[in-house]
Engineer: 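I am attaching a structure below and will ask some questions about it afterwards.
What you see is a predicted model, and the numbers here were worked out from it, not measured in a lab. Labels below follow one simple rule: chain letters A, B, ... track the order of the sequence lines, proteins then strands, and each chain is numbered from 1.
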Protein chains: 2
Amino acid sequence: MDKQTVTIYDVAREAEVSMATVSRVVNGNTNVKPATRKKVLDVIDKLDYRPNAVARGLASKKTTTVGVIVPDVTNMYFSSLARGIDDIAAMYKYNIILTNSDSDDEKEVQVLNTLLSKQVDGIIFMGNEITDQLREEFKRTKTPIVLAGSVDDQNINPSVNINYAAAVQEEVKNLIDRGNKRVAFVCGPLKYAINGKYRLKGYKQALKDAGIPFDEKLIFETDSKYKTGTLLQPALSSAGATAAVATDDELAAGIMNGMTDAGVLVPKNFEVITSNDTKLTEMVRPKMSSITQPLYDIGAVAMRLLTKLMNDEPVNEKEVLLPYGLMKRESTK
Amino acid sequence: MDKQTVTIYDVAREAEVSMATVSRVVNGNTNVKPATRKKVLDVIDKLDYRPNAVARGLASKKTTTVGVIVPDVTNMYFSSLARGIDDIAAMYKYNIILTNSDSDDEKEVQVLNTLLSKQVDGIIFMGNEITDQLREEFKRTKTPIVLAGSVDDQNINPSVNINYAAAVQEEVKNLIDRGNKRVAFVCGPLKYAINGKYRLKGYKQALKDAGIPFDEKLIFETDSKYKTGTLLQPALSSAGATAAVATDDELAAGIMNGMTDAGVLVPKNFEVITSNDTKLTEMVRPKMSSITQPLYDIGAVAMRLLTKLMNDEPVNEKEVLLPYGLMKRESTK
DNA sequence: CTGAAAGCGCTAACAG
DNA sequence: CTGTTAGCGCTTTCAG
């Protein structure tokens, strides 16, 4: 299967120079006389020569491709991050190998290893949980790995996130300030640090600050799916909740629709606020109030950080926290 | 930057065999005595040897990675396809290099070339339009390329789609049968064959079958964006449309919300039906009726087709049309 | 069933 | 400014 027949050797011969010279002009090395450069360029054009990146990768030990591990591209939160990553990657002439892990621990380590075997220059990991095994794998390799929109409670790898705890704390505080005594916390699996450790912490802190006792019954641990949200109304109502903060937009949309369908008016009788500010927040009715996260930027900054790491450039911040905000729309009073 | 230090040579020496033998066990070649196989495997495990896929790619001329070109992963239509592609790719041990083209002609050919230079074994292209230049590039390479959810009116490359014309025709017919005399066709750019050629054809045919004259004023050419949809109500209303078929779910959601916000009841006073059946259709209110497309499957089938092409296996169908359906939800009567 | 040897196409010293 | 020469790590005949 001769995908490509013309090699650097062909153009060298045709241009009557050495392959080293061809290599130099291809790589933009300045130490080439303009005349020979032109000659080589002409031959390259004439022969339609296209450098073989695989050979180049083998010789130079750089592939200009980075691996991206993501739970599911189909989820707008992650696809937004992925878009930011790819754009910056393209800007720096990298390509992305994108793999879906379904947050499956085994798949994650397996995929990490195939990425490593493909000699990617770096990896961006998005995932809900860094298991011990995964953390070990991370440590074993010298290939730089940065986490995007994903927290590791042991903070070993560089990462870019927002301050989830503070964001949740702030939104819960607002809810309480508006008179909600019973605010539900509807989240994804609590075993994920981002939920169980950070967001929940913010939730509890807000309660504490307001002198409201924590009530286990108001914590709803889910799978973050839209469908699940739609089914929550009975439980939420019987728990006496008058508001909910959800950790995922689809989940929040489900909650809201479930409420509305059951005749509970949002936000009049039940307020809901979500966490990711994907474009879904604008499409549902009422529009959802949300913590705003610079999703695209989280990906972009993570990729930018990775480029520095890959070039052994100094980085001043290994744990960057991007600013978040609170966007009031129609699902809160 | 020694990403990896242990090579096939190391394990060969340590296991006291030749590197050819190591290569054989790594590649599952059966011509190896069980005893030596075990010995080699043990050493591999002990040394934590991981084959270098780049070297392997150079030697074997196969990279087990395929390129995927997509307008924007952030769009649920495409991310759904991408997910199908990646799943099947993983099943066949391929990885995906994912690139966003923004439907930019130049970017598309440029990205195609970098993919080719990276020696991908195959490419899946998703895009709204195959320009002449792109078509030329497609022809020039021996690397198999299949189109997923994308039509080329010259049908040169293998592709997997649904019958867009028939689907639109059917949904417009239904709308007409329910008494709508003036059905708007709200689409993305008409220069894209999928819109201007296929879907519009179906629209016109339905009109013709019903003896309704075609009216230019009912064609709304847009950029397929949600926002654009929200702004369409005045134009739609003044054109006397009582229903609309939209070629994109986000666009349709925009139209619907725009109508609702203007006090036009959907579906009572205005019916809308969309085309992609992404999960968004279930999240908005009223839920959107839609042509159903097996999005995931389109990607999956395209990838499966590509695997056959990459292995020079015979394929009986180069242009596969997957079944579509019509899902009645709440935005139509 | 196993080994020797010749590349795959390119980069990177090292000379000159 | 340019050429020579080793490899990069692995697959793949070809022998035996």
Side-chain angles (χ1 to χ4, degrees), chain A residues 1-41 43-44 47-65 93 114 116-121, chain B residues 1-41 43-44 47-65 93 114 116-121:
Chain A
M1 182 170 278
D2 46 327
K3 292 170 181 171
Q4 179 201 3
T5 27
V6 20
T7 74
I8 197 174
Y9 185 73
D10 297 321
V11 353
R13 182 164 28 73
E14 186 79 10
E16 300 173 302
V17 295
S18 71
M19 38 188 293
T21 298
V22 177
S23 177
R24 286 192 187 97
V25 347
V26 167
N27 291 299
N29 186 314
T30 47
N31 290 52
V32 181
K33 188 164 46 165
T36 57
R37 172 185 300 282
K38 181 177 183 337
K39 188 168 55 174
V40 171
L41 251 16
V43 173
I44 285 181
L47 264 41
D48 196 27
Y49 167 68
R50 186 191 290 134
N52 180 324
V54 173
R56 195 197 295 232
L58 183 58
S60 69
K61 296 186 173 306
K62 286 193 197 319
T63 54
T64 64
T65 111
K93 309 292 181 201
T114 103
L116 256 16
S117 81
K118 294 213 170 175
Q119 315 300 117
V120 294
D121 296 334
Chain B
M1 186 172 277
D2 47 327
K3 292 170 180 171
Q4 177 200 4
T5 26
V6 19
T7 74
I8 199 174
Y9 185 74
D10 296 320
V11 352
R13 183 165 25 74
E14 185 79 9
E16 300 174 302
V17 296
S18 71
M19 38 188 292
T21 299
V22 177
S23 177
R24 287 193 187 94
V25 345
V26 167
N27 292 297
N29 186 314
T30 46
N31 290 50
V32 181
K33 189 163 47 167
T36 56
R37 170 184 303 281
K38 181 178 184 337
K39 189 169 54 176
V40 172
L41 252 17
V43 174
I44 285 180
L47 263 42
D48 196 27
Y49 166 68
R50 184 192 292 133
N52 179 324
V54 173
R56 197 197 291 230
L58 182 57
S60 69
K61 296 187 173 305
K62 284 192 196 324
T63 54
T64 65
T65 110
K93 309 291 181 201
T114 104
L116 256 16
S117 80
K118 294 214 170 175
Q119 315 301 118
V120 294
D121 296 335

Engineer: Using a strict heavy-atom distance below 4.0 Å, which residues from residues 11-20 of chain B are in contact with DNA chain D?
Structural biologist: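 Hits under 4.0 Å, by residue number: B/Met19, B/Ala20.
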
Engineer: If the condition is side-chain hydrogen bond (donor to acceptor under 3.5 Å, both in side chains), which residues does B/Thr36 pass it with, not counting sequence neighbours?
Structural biologist: none

Engineer: A/Ala12: what forms a side-chain contact (heavy atoms from CB on, under 4.5 Å) with it, not counting sequence neighbours?
Structural biologist: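 Residues passing side-chain contact (heavy atoms from CB on, under 4.5 Å) with A/Ala12: A/Met19, A/Val22.
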
Engineer: Check A/Asp10, A/Val40, A/Ile8, A/Val43 against A/Tyr49 for a side chain to side chain contact (heavy atoms under 4.5 Å, CB included) and give me the one that passes.
Structural biologist: A/Ile8

Engineer: Taking for each residue the nucleotide of DNA chain C bearing the nearest heavy atom, is the 5' side occupied by B/Pro34 or by A/Gly57?
Structural biologist: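 So the residue in question is B/Pro34.
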
Engineer: With a 4.0 Å cutoff (strictly under), does any side-chain N or O of A/Tyr9 reach OP1 or OP2 of D/dT4?
Structural biologist: no

Engineer: How far does the helix from C/dC1-D/dG16 to C/dG16-D/dC1 bend, going by the axes of its first and last five pairs, to the nearest 10°?
Structural biologist: 30°

Engineer: Give the C-alpha distance, both sets of side-chain angles, the deciding distance and a yes or no for side chain to side chain contact (heavy atoms under 4.5 Å, CB included) between A/Asp48 and A/Val6.
Structural biologist: CA-CA 8 Å; A/Asp48 196 27; A/Val6 20; 5.7 Å; no

Engineer: With sequence neighbours excluded, what pairs up with B/Asn27 under the side-chain contact (heavy atoms from CB on, under 4.5 Å) test?
Structural biologist: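 For B/Asn27 the side-chain contact (heavy atoms from CB on, under 4.5 Å) partners, ignoring immediate neighbours, are B/Ser23, B/Arg56.
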
Engineer: Whole angstroms only, please: what is the CG-P distance between A/Leu47 and C/dG9?
Structural biologist: 14 Å

Engineer: Looking at D/dT11, I'd like to know if its phosphate oxygens (OP1 or OP2) sit under 4.0 Å from a side-chain N or O belonging to B/Asn27.
Structural biologist: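 Indeed, a polar side-chain atom of B/Asn27 lies that close.
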
Engineer: At under 4.0 Å between heavy atoms, what does B/Ser23 touch on the DNA or RNA strands: base, sugar-phosphate, or nothing?
Structural biologist: base

Engineer: Give me each pair satisfying salt bridge (Lys or Arg N to Asp or Glu O under 4.0 Å) with a member in residues 19-41 of chain B, each pair once, sequence neighbours excluded.
Structural biologist: B/Lys38-B/Asp42

Engineer: Establish, with yes or no, whether the OP1 or OP2 oxygen of C/dC8 is under 4.0 angstrom from a side-chain nitrogen or oxygen of B/Lys62.
Structural biologist: no

